[in-house]
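First comes the structure, then the notes that go with it.
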Amino acid sequence: MIGVKLISIHGLSLTKEMGVGRWEVRVKSGVKEKQNLVVVKVGGSLVRSPKDYVKVSEILVRDILEKSRAAIVVSAIKGITDLLISICNGDREALDKVIETHRRFSRELGITGPYSDHVGALEEEVVRYSAMCRESMIHRDRVLSIGERFSVIALAKTLSDMGLRVRIAWPWDVGIITDDRFGDASPKVPDIYEDIGASVRKIIDSGYIPVIPGFIGVTKDGYITTMGRGSSDLTAVLIARATMSSKAILLTETPGIMTTDPKIVPGAYTVEVMDFVEGERASRYSVKGLNYKMFEHVWDYDGEIHILDLSMRGTKICRECRREGAKVIAPFAGGISVIGWGSGKVVKTAVGKNPMNGSNIELRDEVETLVLSKADPVELVRIIHKEVFGR
Ligand code: ASP
Ligand code: MG
């Protein structure tokens, strides 16, 4: 490890040259060994039809499970969380849609036996709690949890049909304990790392693949919580950190993080490598595919995060992946943000070449530069993207 050691508390050391703020704090190597384990998350965008569970499972086997020991985290079927939220906002039809969708998936995936009893129980649960979830956040989270709880069964069933030994690991089995901020709960890190690590590894060591629902946790009193939209990424990185996995792969529909939204700039392309500091900053602008809470809570994860599509193309984010240069351009009301180490220099050059009326460059720090302007941020993104990335 390079850098000047500044302080040392509870096995953590702070080094001077490693990054900004608390990103400088990292787990001292040797406290626990990094494991040759992979945590892979299947995003909801990848499961739109029953056949998708089969397709994704085949890819998981071929590209990941045959090569490494792994744990799997899964999101709800695309659109289900939205419907569950609608139910609790008083939309009666949404309940029928959820039930109909889950029944159709069960039928087409041939879910039978104990799995099917479980699916039946979930249906009863969503009906019962939907009547109360408008008033109570506790009941609302119970309803919202149904999507991931169904999906984990669908994926486990598909993988076990393919001959794999899988075991569903519920948050209450492996200790994904959160606070009781229903709807936006946070995992009780670092206290829960040890328990989660031991329970998940135990399943793997006994020859099974743990399949874990993303997005949900449980309070110490046993109430189901949800951790906010998109937080199945947080679950995956949490499991990766707790098991000391070398890699967390977040599988999604798009090939990783793009230089900017391709709807704004068709020539936008995948950023190959970013470091954690850049990743965290990008996540604050809800850059597609990046959940802010995974950086906020599991900032001491020391492995790699890969955000990949089904052909395994995408972005690698890791602590020691610092490289100079702009990585991502994100618009916001009032301007744009250019994220990347040393982005200030490139932005100054770009703006210098394109005098834009009343625009102001604000160096936030070494890793982020803002261009504040009254101009249309979308137009601004196009101009700066062209200058910085050449397209
Ligand atoms: N299903 C949840 C959502 O739609 C969690 C996730 O997909 O990450 O927000
Ligand atoms: Mg997501």
Side-chain angles (χ1 to χ4, degrees), residues 39-49 52-53 56 60 71-89 91 94-95 97-98 101-102 105 122 125-126 129-130 133 137 140-156 168-171 176 178 181-187 211-218 224-241 248-254 256-257 279 282-284 286-298 301 305-310 314 317:
V39 177
V40 49
K41 188 212 83 167
V42 176
S45 61
L46 296 176
V47 281
R48 295 167 188 265
S49 76
D52 289 338
Y53 279 94
V56 167
L60 286 178
I72 300 173
V73 172
V74 66
S75 298
I77 296 165
K78 174 82 184 168
I80 289 290
T81 307
D82 290 337
L83 285 170
L84 294 166
I85 291 171
S86 300
I87 294 176
C88 299
N89 291 340
D91 177 358
L95 177 61
K97 279 189 203 148
V98 168
T101 306
H102 282 169
F105 275 65
L122 284 183
E125 194 174 319
V126 73
Y129 286 92
S130 66
C133 67
M137 286 300 277
R140 185 175 182 274
D141 268 3
R142 189 85 182 235
V143 168
L144 262 55
S145 75
I146 300 287
E148 268 69 13
R149 287 161 70 199
F150 175 85
S151 190
V152 85
I153 295 171
L155 187 63
I168 296 177
W170 300 106
I176 305 179
T178 70
R181 237 180 112 167
F182 293 93
D184 187 26
S186 295
V211 190
I212 305 158
F215 182 53
I216 63 178
V218 63
I224 296 180
T225 53
T226 64
M227 300 189 283
R229 297 307 304 268
S231 62
S232 54
D233 290 348
L234 167 62
T235 308
V237 179
L238 173 65
I239 303 289
R241 165 63 182 85
I249 300 178
L250 311 176
L251 283 181
T252 170
E253 171 176 56
T254 45
I257 310 297
S283 75
R284 294 197 201 180
S286 17
V287 166
K288 190 166 162 58
L290 274 179
N291 176 253
Y292 177 59
K293 287 176 92 175
M294 77 185 185
F295 290 103
E296 185 183 349
H297 295 286
V298 201
Y301 173 53
I305 299 173
H306 293 244
I307 302 169
L308 307 177
D309 67 9
L310 284 181
I317 308 180

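Counting convention: from 1, in listed order, for ligands and their atoms alike.
Numbered from 1 in the order shown, with element, the atoms of ligand 1 that lie under 4.0 Å from a heavy atom of S75 read 6 (C), 7 (O), 8 (O). Taking every non-hydrogen atom of T81 and a distance limit under 4.0 Å, the qualifying atoms of ligand 1 come out as 1 (N), 2 (C), 3 (C), 4 (O). Every atom of ligand 1 is numbered from 1 in the order shown, and the set under 4.0 Å from a heavy atom of R229 is 3 (C), 4 (O), 9 (O). Residue-ligand proximity, S231 to ligand 1, at heavy-atom distances under 4.0 Å covers atoms 8 (O).
E148 places no side-chain N or O within 3.5 Å of a backbone atom of S75 that could act as its donor or acceptor partner. A donor-acceptor contact shorter than 3.5 Å is absent between the side chain of S283 and the backbone of N291.
For the side-chain contact (heavy atoms from CB on, under 4.5 Å) with I146, the lone residue among I80, V126, L83 that qualifies is V126.
Between R181 and D141 there is no salt bridge, since no side-chain nitrogen of the basic residue lies less than 4.0 Å from a carboxylate oxygen of the acidic one. A salt bridge links E253 to R48: at least one charged side-chain nitrogen sits closer than 4.0 Å to a carboxylate oxygen.
When only interatomic distances are considered, the shortest N/O to N/O separation between D233 and ligand 1 does not fall below 3.5 Å. Considering backbone and side-chain atoms alike, G44 places every N or O at 3.5 Å or more from each N or O of ligand 1.
The distance from atom CD1 of I212 to atom CG of L238, rounded to the nearest 0.5 Å, is 9.0 Å. The NZ atom of K41 lies 6.5 Å from the OG1 atom of T252; values are rounded to the nearest 0.5 Å.
The heavy atom nearest to atom 2 (C) of ligand 1, considering only M227, K78, K41, E148, is found in E148.
The parts of S232 lying near ligand 1 are both backbone and side chain, judged by heavy-atom distances below 4.0 Å.
In this structure, G230 has a heavy atom closer than 4.0 Å to ligand 1.
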